[in-house]
Number of protein chains: 2
Amino acid sequence: MPEKLPPSVDTVDTTYLESLTGYNAQRAALKVIAIFLDRMAVYGFRPVDFSVISLITHNPGITSRQLCAALDILPPNLVAMIDTLERRELIVRKPHPRDGRAFGLHLTTTGKKLMRDAEITASELESHATQRLSATERKSLHRLLQKIYL
Amino acid sequence: MPEKLPPSVDTVDTTYLESLTGYNAQRAALKVIAIFLDRMAVYGFRPVDFSVISLITHNPGITSRQLCAALDILPPNLVAMIDTLERRELIVRKPHPRDGRAFGLHLTTTGKKLMRDAEITASELESHATQRLSATERKSLHRLLQKIYL
DNA sequence: TATTGTTATACTCTATAACTATA
DNA sequence: TATAGTTATAGAGTATAACAATA
(Lines give C-alpha, C1' and ligand atoms only; values in the text may rest on other atoms or scores of the structure.)
Protein backbone atom coordinates (compact mmCIF):
# COMPACT_ATOMS: atom_id res chain seq x y z
CA MET A 1 0.00 0.00 0.00
CA PRO A 2 1.53 3.28 -1.11
CA GLU A 3 2.17 6.09 1.40
CA LYS A 4 -0.39 8.86 1.05
CA LEU A 5 1.32 12.07 0.03
CA PRO A 6 0.46 15.21 2.01
CA PRO A 7 -1.65 17.67 0.01
CA SER A 8 -0.20 20.83 -1.52
CA VAL A 9 -2.04 24.08 -2.11
CA ASP A 10 -2.71 25.39 -5.59
CA THR A 11 -4.46 28.72 -4.98
CA VAL A 12 -4.71 30.00 -1.42
CA ASP A 13 -8.24 30.27 -0.04
CA THR A 14 -8.54 33.53 1.92
CA THR A 15 -12.33 33.68 2.13
CA TYR A 16 -12.43 33.17 5.88
CA LEU A 17 -10.05 36.03 6.68
CA GLU A 18 -11.89 38.21 4.19
CA SER A 19 -15.04 37.78 6.29
CA LEU A 20 -13.35 39.54 9.23
CA THR A 21 -13.67 43.31 9.60
CA GLY A 22 -10.34 43.82 11.37
CA TYR A 23 -8.49 41.97 8.64
CA ASN A 24 -10.14 43.94 5.84
CA ALA A 25 -9.68 47.29 7.58
CA GLN A 26 -6.02 46.61 8.32
CA ARG A 27 -5.23 45.43 4.78
CA ALA A 28 -6.97 48.46 3.25
CA ALA A 29 -5.26 50.83 5.70
CA LEU A 30 -1.83 49.40 4.84
CA LYS A 31 -2.54 49.80 1.14
CA VAL A 32 -3.53 53.46 1.48
CA ILE A 33 -0.60 54.13 3.85
CA ALA A 34 1.85 52.71 1.31
CA ILE A 35 0.56 55.18 -1.29
CA PHE A 36 0.64 57.93 1.33
CA LEU A 37 4.29 57.24 2.23
CA ASP A 38 5.26 57.37 -1.42
CA ARG A 39 3.49 60.61 -2.33
CA MET A 40 3.98 62.53 0.93
CA ALA A 41 7.69 61.75 1.28
CA VAL A 42 8.43 65.01 -0.54
CA TYR A 43 6.92 66.90 2.42
CA GLY A 44 8.77 64.79 4.99
CA PHE A 45 5.47 63.67 6.50
CA ARG A 46 4.60 60.21 7.74
CA PRO A 47 0.87 59.61 8.27
CA VAL A 48 1.10 60.49 11.95
CA ASP A 49 3.04 63.70 11.26
CA PHE A 50 0.43 64.73 8.74
CA SER A 51 -2.38 63.97 11.19
CA VAL A 52 -0.68 66.10 13.85
CA ILE A 53 0.06 69.12 11.66
CA SER A 54 -3.34 68.84 10.02
CA LEU A 55 -5.07 69.09 13.41
CA ILE A 56 -2.89 72.10 14.22
CA THR A 57 -3.87 73.61 10.87
CA HIS A 58 -7.58 73.27 11.56
CA ASN A 59 -7.31 73.94 15.30
CA PRO A 60 -4.88 76.83 15.91
CA GLY A 61 -3.82 76.87 19.55
CA ILE A 62 -4.40 73.14 20.13
CA THR A 63 -2.27 71.65 22.93
CA SER A 64 -0.15 68.49 22.97
CA ARG A 65 -2.61 66.89 25.32
CA GLN A 66 -5.52 67.59 23.00
CA LEU A 67 -3.57 66.16 20.07
CA CYS A 68 -2.85 63.00 22.04
CA ALA A 69 -6.50 62.58 22.97
CA ALA A 70 -7.77 63.24 19.43
CA LEU A 71 -5.29 60.92 17.72
CA ASP A 72 -4.88 58.30 20.45
CA ILE A 73 -1.14 58.95 20.69
CA LEU A 74 0.78 58.59 23.96
CA PRO A 75 2.31 61.87 25.18
CA PRO A 76 5.94 60.64 25.21
CA ASN A 77 5.63 59.63 21.56
CA LEU A 78 4.33 63.04 20.51
CA VAL A 79 7.26 65.03 21.89
CA ALA A 80 9.74 64.18 19.13
CA MET A 81 7.14 64.88 16.41
CA ILE A 82 6.37 68.34 17.77
CA ASP A 83 10.09 69.06 18.18
CA THR A 84 10.77 68.10 14.59
CA LEU A 85 7.91 70.22 13.22
CA GLU A 86 9.16 73.15 15.28
CA ARG A 87 12.79 72.70 14.17
CA ARG A 88 11.53 72.67 10.57
CA GLU A 89 9.84 75.99 11.42
CA LEU A 90 6.44 74.69 10.33
CA ILE A 91 4.85 75.30 13.73
CA VAL A 92 5.48 77.47 16.81
CA ARG A 93 4.58 77.07 20.47
CA LYS A 94 2.84 80.01 22.08
CA PRO A 95 2.01 80.27 25.78
CA HIS A 96 -1.49 79.00 26.48
CA PRO A 97 -3.81 81.91 27.37
CA ARG A 98 -5.27 80.25 30.45
CA ASP A 99 -3.02 77.31 31.44
CA GLY A 100 0.59 78.00 32.36
CA ARG A 101 1.55 74.35 32.02
CA ALA A 102 0.46 74.05 28.42
CA PHE A 103 1.53 75.46 25.05
CA GLY A 104 -0.75 76.30 22.16
CA LEU A 105 0.50 75.07 18.78
CA HIS A 106 0.25 77.25 15.66
CA LEU A 107 1.34 77.07 12.04
CA THR A 108 4.02 79.46 10.85
CA THR A 109 3.70 81.21 7.48
CA THR A 110 6.01 78.51 6.08
CA GLY A 111 3.82 75.86 7.65
CA LYS A 112 0.68 77.34 6.16
CA LYS A 113 2.22 77.40 2.71
CA LEU A 114 3.43 73.80 2.97
CA MET A 115 0.08 72.57 4.26
CA ARG A 116 -1.78 74.12 1.34
CA ASP A 117 0.29 71.92 -0.99
CA ALA A 118 0.29 68.89 1.32
CA GLU A 119 -3.49 68.82 1.60
CA ILE A 120 -3.82 69.00 -2.18
CA THR A 121 -1.45 66.04 -2.48
CA ALA A 122 -3.36 64.18 0.22
CA SER A 123 -6.57 64.76 -1.69
CA GLU A 124 -4.99 63.48 -4.90
CA LEU A 125 -3.59 60.33 -3.30
CA GLU A 126 -6.96 59.78 -1.66
CA SER A 127 -8.59 59.75 -5.09
CA HIS A 128 -5.93 57.40 -6.41
CA ALA A 129 -6.17 54.96 -3.50
CA THR A 130 -9.96 54.81 -3.78
CA GLN A 131 -10.19 55.02 -7.57
CA ARG A 132 -12.38 51.91 -7.76
CA LEU A 133 -14.95 53.54 -5.44
CA SER A 134 -17.57 56.06 -6.49
CA ALA A 135 -17.93 59.26 -4.47
CA THR A 136 -21.02 57.79 -2.85
CA GLU A 137 -19.24 54.56 -1.99
CA ARG A 138 -16.30 56.42 -0.44
CA LYS A 139 -18.65 58.51 1.69
CA SER A 140 -20.47 55.35 2.72
CA LEU A 141 -17.19 53.63 3.58
CA HIS A 142 -16.16 56.50 5.86
CA ARG A 143 -19.51 56.42 7.64
CA LEU A 144 -19.30 52.67 8.26
CA LEU A 145 -15.71 52.88 9.53
CA GLN A 146 -16.65 55.73 11.86
CA LYS A 147 -19.46 53.62 13.26
CA ILE A 148 -16.73 51.29 14.46
CA TYR A 149 -14.16 53.66 15.97
CA LEU A 150 -16.11 56.79 16.98
CA MET B 1 -3.43 98.80 22.75
CA PRO B 2 -3.68 95.39 24.52
CA GLU B 3 -1.66 92.39 23.32
CA LYS B 4 -3.88 89.97 21.44
CA LEU B 5 -3.92 86.62 23.25
CA PRO B 6 -3.36 83.49 21.12
CA PRO B 7 -6.52 81.43 20.64
CA SER B 8 -7.14 78.23 22.56
CA VAL B 9 -9.16 75.25 21.35
CA ASP B 10 -12.40 74.23 23.00
CA THR B 11 -13.45 71.13 21.08
CA VAL B 12 -11.06 69.68 18.52
CA ASP B 13 -12.27 69.77 14.92
CA THR B 14 -11.36 66.47 13.27
CA THR B 15 -13.62 66.77 10.22
CA TYR B 16 -10.75 67.09 7.76
CA LEU B 17 -9.00 63.90 8.90
CA GLU B 18 -12.33 62.10 8.96
CA SER B 19 -12.67 62.80 5.24
CA LEU B 20 -9.58 60.67 4.52
CA THR B 21 -9.96 56.97 3.82
CA GLY B 22 -6.57 55.95 5.20
CA TYR B 23 -7.24 57.72 8.49
CA ASN B 24 -10.67 56.12 8.90
CA ALA B 25 -9.45 52.66 7.94
CA GLN B 26 -6.49 52.84 10.31
CA ARG B 27 -8.55 54.11 13.26
CA ALA B 28 -11.18 51.41 12.73
CA ALA B 29 -8.52 48.71 12.33
CA LEU B 30 -6.82 49.75 15.59
CA LYS B 31 -10.14 49.66 17.41
CA VAL B 32 -10.95 46.15 16.22
CA ILE B 33 -7.38 44.98 16.89
CA ALA B 34 -7.60 46.22 20.48
CA ILE B 35 -10.70 44.09 21.02
CA PHE B 36 -8.98 41.20 19.26
CA LEU B 37 -5.91 41.39 21.50
CA ASP B 38 -8.09 41.36 24.57
CA ARG B 39 -10.30 38.42 23.61
CA MET B 40 -7.73 36.27 21.80
CA ALA B 41 -5.02 36.56 24.45
CA VAL B 42 -6.36 33.35 26.00
CA TYR B 43 -5.26 31.48 22.85
CA GLY B 44 -1.88 33.20 22.72
CA PHE B 45 -2.68 34.64 19.28
CA ARG B 46 -1.86 38.10 18.03
CA PRO B 47 -3.73 39.13 14.87
CA VAL B 48 -0.90 37.99 12.61
CA ASP B 49 -0.58 34.61 14.35
CA PHE B 50 -4.29 34.06 13.93
CA SER B 51 -4.11 35.01 10.26
CA VAL B 52 -1.28 32.54 9.71
CA ILE B 53 -2.84 29.60 11.52
CA SER B 54 -6.21 30.38 9.99
CA LEU B 55 -4.76 30.14 6.49
CA ILE B 56 -3.11 26.85 7.46
CA THR B 57 -6.49 25.66 8.77
CA HIS B 58 -8.26 26.41 5.52
CA ASN B 59 -5.31 25.51 3.29
CA PRO B 60 -3.67 22.32 4.56
CA GLY B 61 -0.21 21.94 3.05
CA ILE B 62 0.30 25.65 2.43
CA THR B 63 3.95 26.72 2.34
CA SER B 64 5.71 29.58 4.11
CA ARG B 65 6.15 31.35 0.83
CA GLN B 66 2.44 31.12 0.05
CA LEU B 67 1.62 32.48 3.51
CA CYS B 68 3.98 35.42 2.96
CA ALA B 69 2.41 36.23 -0.39
CA ALA B 70 -1.16 35.94 0.87
CA LEU B 71 -0.60 38.02 4.01
CA ASP B 72 2.06 40.42 2.70
CA ILE B 73 4.53 39.30 5.36
CA LEU B 74 8.27 39.22 4.72
CA PRO B 75 9.77 35.71 4.92
CA PRO B 76 12.24 36.49 7.75
CA ASN B 77 9.37 37.74 9.90
CA LEU B 78 7.34 34.58 9.41
CA VAL B 79 10.00 32.17 10.65
CA ALA B 80 9.57 32.86 14.36
CA MET B 81 5.78 32.66 14.10
CA ILE B 82 5.90 29.23 12.44
CA ASP B 83 8.50 28.05 14.97
CA THR B 84 6.29 29.12 17.88
CA LEU B 85 3.19 27.45 16.44
CA GLU B 86 5.20 24.28 15.90
CA ARG B 87 6.70 24.34 19.41
CA ARG B 88 3.17 24.75 20.79
CA GLU B 89 2.34 21.61 18.77
CA LEU B 90 -0.49 23.37 16.94
CA ILE B 91 1.03 22.76 13.51
CA VAL B 92 3.50 20.36 11.89
CA ARG B 93 5.77 20.66 8.88
CA LYS B 94 5.55 17.86 6.33
CA PRO B 95 7.80 17.49 3.29
CA HIS B 96 6.29 19.14 0.24
CA PRO B 97 5.14 16.47 -2.28
CA ARG B 98 6.77 18.11 -5.28
CA ASP B 99 9.32 20.68 -4.02
CA GLY B 100 12.20 19.48 -1.89
CA ARG B 101 12.98 23.01 -0.74
CA ALA B 102 9.58 23.67 0.76
CA PHE B 103 7.52 22.36 3.66
CA GLY B 104 3.76 21.99 3.74
CA LEU B 105 2.15 23.22 6.95
CA HIS B 106 -0.67 21.30 8.62
CA LEU B 107 -2.71 21.54 11.80
CA THR B 108 -2.22 18.90 14.48
CA THR B 109 -5.20 17.43 16.30
CA THR B 110 -4.48 19.89 19.13
CA GLY B 111 -4.35 22.72 16.60
CA LYS B 112 -7.66 21.70 15.07
CA LYS B 113 -9.32 21.65 18.46
CA LEU B 114 -7.91 25.05 19.43
CA MET B 115 -8.88 26.61 16.11
CA ARG B 116 -12.48 25.49 16.47
CA ASP B 117 -12.68 27.53 19.68
CA ALA B 118 -10.57 30.40 18.37
CA GLU B 119 -12.74 30.91 15.30
CA ILE B 120 -15.85 31.00 17.48
CA THR B 121 -14.22 33.65 19.66
CA ALA B 122 -13.14 35.57 16.54
CA SER B 123 -16.71 35.50 15.29
CA GLU B 124 -17.98 36.77 18.64
CA LEU B 125 -15.50 39.64 18.85
CA GLU B 126 -16.30 40.47 15.25
CA SER B 127 -19.95 40.91 16.21
CA HIS B 128 -18.98 42.97 19.24
CA ALA B 129 -16.62 45.26 17.31
CA THR B 130 -19.22 45.89 14.63
CA GLN B 131 -22.28 45.93 16.86
CA ARG B 132 -23.46 49.27 15.48
CA LEU B 133 -23.50 47.84 11.94
CA SER B 134 -26.26 45.71 10.46
CA ALA B 135 -25.33 42.45 8.71
CA THR B 136 -25.87 44.22 5.39
CA GLU B 137 -23.70 47.14 6.38
CA ARG B 138 -20.87 44.86 7.51
CA LYS B 139 -20.99 42.95 4.25
CA SER B 140 -20.98 46.24 2.36
CA LEU B 141 -18.04 47.51 4.42
CA HIS B 142 -15.99 44.40 3.58
CA ARG B 143 -16.75 44.79 -0.13
CA LEU B 144 -15.68 48.45 -0.14
CA LEU B 145 -12.46 47.72 1.76
CA GLN B 146 -11.62 44.88 -0.60
CA LYS B 147 -12.09 47.23 -3.54
CA ILE B 148 -9.15 49.14 -2.09
CA TYR B 149 -6.68 46.39 -1.26
CA LEU B 150 -7.51 43.49 -3.56
C1' DT C 1 -3.84 65.91 44.61
C1' DA C 2 -4.20 65.98 39.55
C1' DT C 3 -2.51 67.40 35.03
C1' DT C 4 0.91 69.10 31.18
C1' DG C 5 4.91 68.31 29.14
C1' DT C 6 9.12 65.82 29.24
C1' DT C 7 13.14 62.23 29.63
C1' DA C 8 14.75 57.74 29.57
C1' DT C 9 14.05 53.30 28.24
C1' DA C 10 12.09 48.80 27.07
C1' DC C 11 9.53 46.24 23.92
C1' DT C 12 7.49 45.02 19.59
C1' DC C 13 7.07 45.31 14.73
C1' DT C 14 9.01 45.75 10.24
C1' DA C 15 12.80 45.81 6.85
C1' DT C 16 17.43 44.51 4.63
C1' DA C 17 21.44 41.69 3.59
C1' DA C 18 23.30 37.43 3.16
C1' DC C 19 23.57 32.44 3.54
C1' DT C 20 22.09 27.02 2.37
C1' DA C 21 19.84 23.84 -0.03
C1' DT C 22 17.13 22.61 -3.87
C1' DA C 23 14.72 23.67 -8.59
C1' DT D 1 20.26 31.31 -12.38
C1' DA D 2 16.22 31.52 -9.49
C1' DT D 3 13.53 30.24 -5.40
C1' DA D 4 12.30 28.37 -0.33
C1' DG D 5 13.63 28.77 4.02
C1' DT D 6 16.58 30.72 7.40
C1' DT D 7 19.86 33.81 10.37
C1' DA D 8 21.38 38.05 12.05
C1' DT D 9 20.53 42.62 12.63
C1' DA D 10 19.02 47.37 11.94
C1' DG D 11 15.38 50.63 12.10
C1' DA D 12 10.71 52.26 13.18
C1' DG D 13 6.82 52.19 16.03
C1' DT D 14 4.62 51.69 20.59
C1' DA D 15 4.63 51.19 25.65
C1' DT D 16 5.62 52.12 30.84
C1' DA D 17 7.75 54.60 34.74
C1' DA D 18 9.16 58.66 36.70
C1' DC D 19 10.10 63.61 37.10
C1' DA D 20 9.45 69.09 37.19
C1' DA D 21 6.25 72.78 36.76
C1' DT D 22 1.70 74.37 37.22
C1' DA D 23 -3.50 73.81 38.28
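Just so it is clear, the model here is predicted, and its values are computed rather than measured.
- Although no hydrogens or angles enter the test, the distance criterion places no donor-acceptor pair under 3.5 Å between the side chain of Ser8(A) and the main chain of Pro97(B).
- Non-hydrogen atoms lying under 4.0 Å from DNA chain D are contributed by Pro75(B), Pro76(B), Val79(B), Arg93(B), Arg101(B), Ala102(B), all within residues 73-102 of chain B.
- Annotation: salt bridge (Lys or Arg N to Asp or Glu O under 4.0 Å) contacts of Asp99(B) (sequence neighbours excluded): Arg101(B).
- Among residues at least two apart or in separate chains, there is no ring-ring contact (aromatic ring centres under 6.0 Å, His included) pair with a member in residues 62-116 of chain A.
- The closest donor-acceptor contact from the side chain of Ser51(B) to the backbone of Pro47(B) lies under 3.5 Å.
- Between the Lys147(B) side chain and the Leu133(A) main chain, no donor and acceptor come within less than 3.5 Å of each other.
- A ring-ring contact (aromatic ring centres under 6.0 Å, His included) check over residues 26-61 of chain B, counting only residues at least two apart or in different chains, returns the pairs Tyr16(A)-His58(B), Phe36(B)-Phe50(B).
- Between Thr121(A) and Arg39(A), the shortest heavy-atom contact is CG2-O, 3.8 Å.
- A heavy atom closer than 4.0 Å to some atom of DNA chain D occurs in no member of residues 21-52 of chain B.
- For the pair Phe103(B) CZ and dT3(D) C1', the computed distance is 14 Å after rounding to whole Å.
- Applying the 4.5 Å side-chain rule to ILVMFWY residues, one finds Leu37(B) in the same cluster as Ile33(B).
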